Amino acid sequence: MPGSTDSSTKTMGALTIGGLVAVTAYTVALGSNGWLWFGWVVLGLITLGLVATRSD
C-alpha cells in the first residue's frame with residue numbers, strides 16, 4: 001500500500017526530529033549522555049533508510 005509507506009516515513013521523520021529536540025534538551029539541562037546520542041543516530045539512520053527505500 002503506497003499510502004502507508006508515506007505515512008510511516010512521515011511518522012519516523014517526526015519521531016527523529018522529536019528525538020533530536022528531546023536529546024538536545026536533556027543535554028542542555030543535565031549534561032551529555034552518549035547513549036542518548038547514539039540512539040538518536042540509529043533512529044536517524046533508520047529514517048534515512050525508510051526515505052531511501054520509499055522511492056522504490
Side-chain angles (χ1 to χ4, degrees):
M1 295 190 327
S4 65
T5 302
D6 289 340
S7 96
S8 66
T9 303
K10 288 179 183 178
T11 301
M12 283 299 292
L15 286 173
T16 301
I17 298 300
L20 176 61
V21 170
V23 170
T24 302
Y26 182 93
T27 298
V28 168
L30 301 173
S32 184
N33 183 334
W35 285 110
L36 287 178
W37 285 106
F38 175 76
W40 182 81
V41 168
V42 170
L43 182 63
L45 290 174
I46 292 169
T47 303
L48 285 176
L50 277 175
V51 169
T53 58
R54 183 180 74 153
S55 62
D56 290 333

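This one's a predicted model, so the numbers in the text were calculated from it and none came from an experiment.
Atom-to-atom distance recorded for F38:CZ and L43:CG is 12.0 Å, nearest 0.5 angstrom. Taken to the nearest 0.5 Å, the CG atom of L50 stands 5.5 Å off from the OG1 atom of T53.
Placement of I46 and W35 within a single hydrophobic cluster is found when ILVMFWY residues are connected by side-chain heavy-atom separations under 4.5 Å, directly or transitively. When the side chains of ILVMFWY residues are joined at heavy-atom separations under 4.5 Å, either directly or via intervening members, L45 and L15 end up in two distinct hydrophobic clusters. Note on M12: it clusters hydrophobically with V42, by side-chain heavy-atom contacts below 4.5 Å among ILVMFWY residues.
Across all non-hydrogen atoms, the minimal contact from G19 to W40 is C-CD1, 3.6 Å.
Residue L20 is tested with T16, V23, T24 for a side chain to side chain contact (heavy atoms under 4.5 Å, CB included); the sole match is T24.
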